[in-house]
Every structure is written in C-alpha cells, then in structure tokens.
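Beneath this line is the structure, given in structure tokens, with notes to follow.
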Amino acid sequence: MAVDYQERIPNNVRLHEDRRLLRALEEWQPRFLQWWSDMGPEGFQARDVYLRTATSVDAQGWAHFDYVRMPEYRWGIFLAEPEPGRAIGFGAHRGQAAWQEVPGEYRGTLRRLIVTQGDTEPASVEQQRQLGRTCPSLYDLRNIFQVNVEEGRHLWAMVYLLHAHFGRDGREEAEALLQRHAGDRDKPRILGAFNERTPDWLSFFMFTYFTDRDGKYQLASLAESGFDPLSRTCRFMLTEEAHHMFVGEAGLGRVVQRTCEVMREHRTDDVREHGAIDLPTIQRYLNFHFSVSIDLFGGEISTNAANFYTAGLKGRFEEGKKTDDHVLAEATYPVTQLDGERVVTREEAALTALNERLRDDYIADCQRGIDRWNQTIRKQGIDFELRLPHRGFHRAIGAFAGTRVSPDGRVVSQAEWDARHGTWLPTESDKAFVQSLMVPVVERGKFASWIAPPARGINGHAVDFEYVRS
Ligand code: BYC
C-alpha cells in the first residue's frame, strides 16, 4: 500500500476525503514543527542526514534512504494494511467484528491508553535533544536522528487517532501532547521513565535497549486491540521500533567489545584511564535502566489491565499464538511479590496479572541481549558476567515500590542499602566519568575511544560513509 507523498501530510488513509479532519491536522502540523524546532535535536537541523523514510507500508521495500534535513522529514500517517474480516481476538467481545469506530462505552479508557502511549514518543525526543553535540561518530549521529524522527512520526500516529476518532477532547489531548515536557516540573510527561534525563550516550544506548523495548511490548499488546485503527497503526509502528532496539543492542555490544579490547590490550580491569567504560559501571547503568523500564508495565496486580483486556482494548503479547480461552475468567498466573521480608511467587487471577505477564515476556527478551554481550566478554577470555537485576530492585511502581531489594533479590535494610547502593546504581562519579568521555567525534570513519565501530554500515554503505554531511 503506497503512501501519497504529494500531500502536505503524507498518508495512506485517504485524508483528502475528509476535509474536516485534514484541516484539523493541518492546523496541528505547524505546532508540531514548532515543537520539533524548540524541543527536538539541538544543532544539526540544517544538515543533510542520511535517513530512512517510509514510502509504503507493505512488508517489502517500505524504506527509502536519502539525505534529508530533519525539519523537512516527511512525517505522516501510515497504518498497516487492513486485514479483511478481522475479528476481536480476546475478552468479552471475542469473535465480534473489530471496531472501525470507538465504542461509546470505552471512549474514555481508549483515549487514555492512546494518550499514555502518545506521550512517550515526543518525551524521548526531548530527553535526547542534547546528544547530537557529543556523538561518538557520524554513524551514531545518523542513528539517533533516525530514532528521533521516527518517534516524531509515532506521535503523529497517535495524534491522528485522537483527531480522527475523539472529536474535541481528542484535539485537546493532541495539544497537550506538545505542552507536557520530559522532566518539566509543572507539566511532566505521564510515565516516570520519560522524565528521567538521558545525559550521555551510554544512557541513550541503555534507553533504546530497555525503554524502547517496553515500547515494543506495549505496542504489540495494543496491536491486538479490537479497535482496528489502533491495531493497524501499532502494527506499522512496530516495524520502525525494531531499528531503535537494534541501535541499543548493537550500541551496547560495541561498548562492551571496546571495553574488553582495552582490558586485554593493557592487561587491566582499570580501563578508565584508557578512555573506556569499565564493566562494573556498565552493570550499574544497566541496573538503573532496567529497573525504570520495568516500572513502565504498571502494577503487578492491576484492575486497569484486567478491564482493558476484558473490554478488548489491549491484549497480551502475541495473543493470537496463545491457545487458552482468551477470556481468562478462571485462569491463574504466577506473580512474584513480597510476603513481609520474603520474596515469594504466588498464583493470582490471570486477568489482573496481565501487566506482570507482559513484564515477564519483556524480561525474557531483555535477557537475550545480556547473553550476547556476555558471549563477547567470554570470547575475550574475561571473567565477568553482566546480569539483569532482580525485578524487585529499585522499583517505584507496584508491589516492590518503597521496599529495598538488592540486585540479587534479597530484601535489605535501609542501612545496607545506604552502604551498598553506590555499587548497584551509577554514582555521581560514574556519571561524571561517563560525561567526561562525551567528546564529539565527527570525522568520517572515526569513533570515540569508548566504543568499537559497528560491523557494517547503514543500507549497504561503508562504516566511513558520510552519514551526516557537514
Ligand atoms: N509512571 O493499574 P496500574 C514507548 C499509574 S514505551 C507513572 O498498575 P495500568 C516508547 C497508572 O496510570 C510504552 N504512573 O497501571 C519507548 C494508574 O493510574 P490511575 C508506552 C504510572 O493502568 C521509548 C496507576 O498508576 N506505552 O512506547 O495497568 C521511546 C495504577 O497503575 C506508571 C504504554 O504505556 C508509571 N510507570 O498500566 C519512545 C501503553 N505505571 O488509574 C516510546 C499504554 C502505572 O490510578 N499504557 N502508573 O490514575 C498502558 O497500557 C498503561 O497505562 C500502563 C500502566 C501499562 C502504562
């Protein structure tokens, strides 16, 4: 299904047939562009960046690569192709035809889900806006900008749903998405992780590995939605999301690789003086980003999640591949929780445990990258293992919030926490050290001291290709 690029707002939803909607979105567009110029990547806006733009939404060849200046990027509205005869796959409406319009009874709930999702997209662009200035290479600079423009497009995706299906409140919510800002005292973003700072590239790679992966799982659950326009838009967003997680996984892999090379070359664990990031510091960053990202799944026991499911609005990850009744009225699911000072696992009603189940799918997926990085470490003959911390560690949402849990899953006293948290979470001196490495490298084919070059370039180009023109 081709995207019409002749339109002011490129789209594959026949926008020209709905004048009112078109006008509303054309009014929103300059405000989006203003937001991009105020809150988007700092510097580089006049540069030619080698970017990928979606030109069609079918599985083959939807990506077109060329030099573009970011403010001229063709942000637009692209939904995956409709599946003829699609039926709702779960909950109380299972088997009924998927909704093309918002069912009145679920209007508020659906709007809130779309707003929560939509809020994260511009938030991440805001969090990352300074990073271009300290890029470790032109290759990485191009990658962060690709991520940023696509997050901008994901905002468009949610704003389209709000404008097309929620009338006046939808338009108001679309405005508010440009008014809240990451870390703003008065108007913060909705979810915790999107108010944290992304001050350096190690944090950026952690963010794209861990937090974008939450995006994958949330979008995949929303792609199951009985509200068909939401399902179709999330399905297309997922194709873009894959690149963001690649940036994180490959980026961290290259950091680990470089650290190990320096350890071997200089026969030392103390790689800082050679401009690399020591493995314990990488572990502490990992502990932080994993813990704030698993908070994004909500409470372990959530009646919100049960209601979203029963209403047919938000499914499970790969709902269609599951072989149970897709209603879950009787089923149970094991949930890790606190029993006084002990961490225990108990069977809970599967319906209210849906956040936890999605978190489990996510954690298993996170582990795969850790295994690969550990392979790199082992291959270099180094005796060190990166680990995901326990799910109770450093949590602000859910059953573990307010309890001190060590990375290996023990409930610890405040005194032990105070004594040891500097070995578990990035310290001020870790952050200052990482910050000290953030010097821009913009010469073609050159890389900062703390990161190895990638195995290959983008779209068949060499690693030393001019990904961002000067
Ligand atoms: N921070 O019933 P509970 C992405 C609130 S990332 C602050 O446990 P529920 C991306 C919650 O709202 C994916 N507040 O939660 C990645 C509720 O409030 P009320 C984003 C939180 O509702 C990188 C109360 O606590 N997508 O795409 O079951 C770059 C009780 O909560 C938090 C979505 O989030 C938190 N972390 O589940 C770019 C999908 N957690 O009702 C993009 C849409 C919970 O008491 N959202 N609360 O006022 C949802 O599915 C659900 O809203 C959540 C929360 C999974 C987030």
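Predicted model, so just to flag it, every value in this text is computed and none were measured. In each ligand, atom 1 is the first atom listed, and ligand 1 is the first ligand listed.
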Would you please determine whether [X] falls within less than 4.0 Å of ligand 1 on a heavy-atom basis?
X      : result
Leu354 : no
Glu241 : no
Tyr217 : no

Quick one: nearest non-hydrogen protein atom to [atom], plus distance?
atom                    : result
atom 54 (C) of ligand 1 : Gly298 CA, 4.1 Å
atom 47 (N) of ligand 1 : Ile397 CD1, 4.4 Å
atom 19 (P) of ligand 1 : Arg112 NH2, 4.2 Å
atom 30 (C) of ligand 1 : Asn304 ND2, 4.3 Å

Problem - Asp295, any N or O under 3.5 Å of ligand 1 N or O - result: yes
Problem - Under 3.5 Å: N/O of Gln117 near N/O of ligand 1 - result: yes
Problem - Where ligand 1 meets Gly299 - atom numbers and elements under 4.0 angstrom, heavy-atom basis - result: 3 (P), 8 (O)
Exercise for the section: Only heavy atoms count here, so choose which of Leu313, Val292, Asp214 is nearest to atom 6 (S) of ligand 1. Expected result: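 Ranked by closest heavy atom to atom 6 (S) of ligand 1, first place is Asp214.
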Exercise for the section: Name the option, out of Asp212, Thr120, Leu155, that contains the heavy atom nearest to atom 23 (C) of ligand 1. Expected result: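 When every heavy atom of Asp212, Thr120, Leu155 is considered, Asp212 comes closest to atom 23 (C) of ligand 1.
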Exercise for the section: Scan the protein's non-hydrogen atoms and note whether one is under 4.0 Å from atom 25 (O) of ligand 1. Expected result: no
Exercise for the section: Verify the contact flag for atom 45 (O) of ligand 1, where contact means a protein heavy atom under 4.0 Å away. Expected result: no
Handout entry: Ionic contact status for Arg359 with Glu356, cut-off 4.0 Å
Key =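 A salt bridge is present here (some side-chain N lies under 4.0 Å from a carboxylate O).
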Practice task
Salt-bridge test for Arg235 and Glu83: reply yes if a basic N is under 4.0 Å from a carboxylate O, no otherwise.
Solution key: yes
Practice task
Keeping the roles fixed (side chain from Asn307, backbone from Thr303), state whether a donor-acceptor pair exists under 3.5 Å.
Solution key: yes
Practice task
Assign the ring pair Trp417 / His421 to parallel, tilted or perpendicular, where the plane angle (0 to 90°) is split at 30° and 60°.
Solution key: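 It falls in the parallel class, under 30°.
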Problem - Pairwise distance CZ(Phe447) to CZ(Arg254) - rounded to 0.5 angstrom - result: 5.5 Å
Exercise for the section: Could you tell me whether Arg213 sits above the aromatic face of Tyr209, with NZ or CZ closer than 6.0 angstrom to the six-membered ring centre and within 45 degrees of the axis? Expected result: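 Yes, cation above the ring, under 6.0 Å and within 45°.
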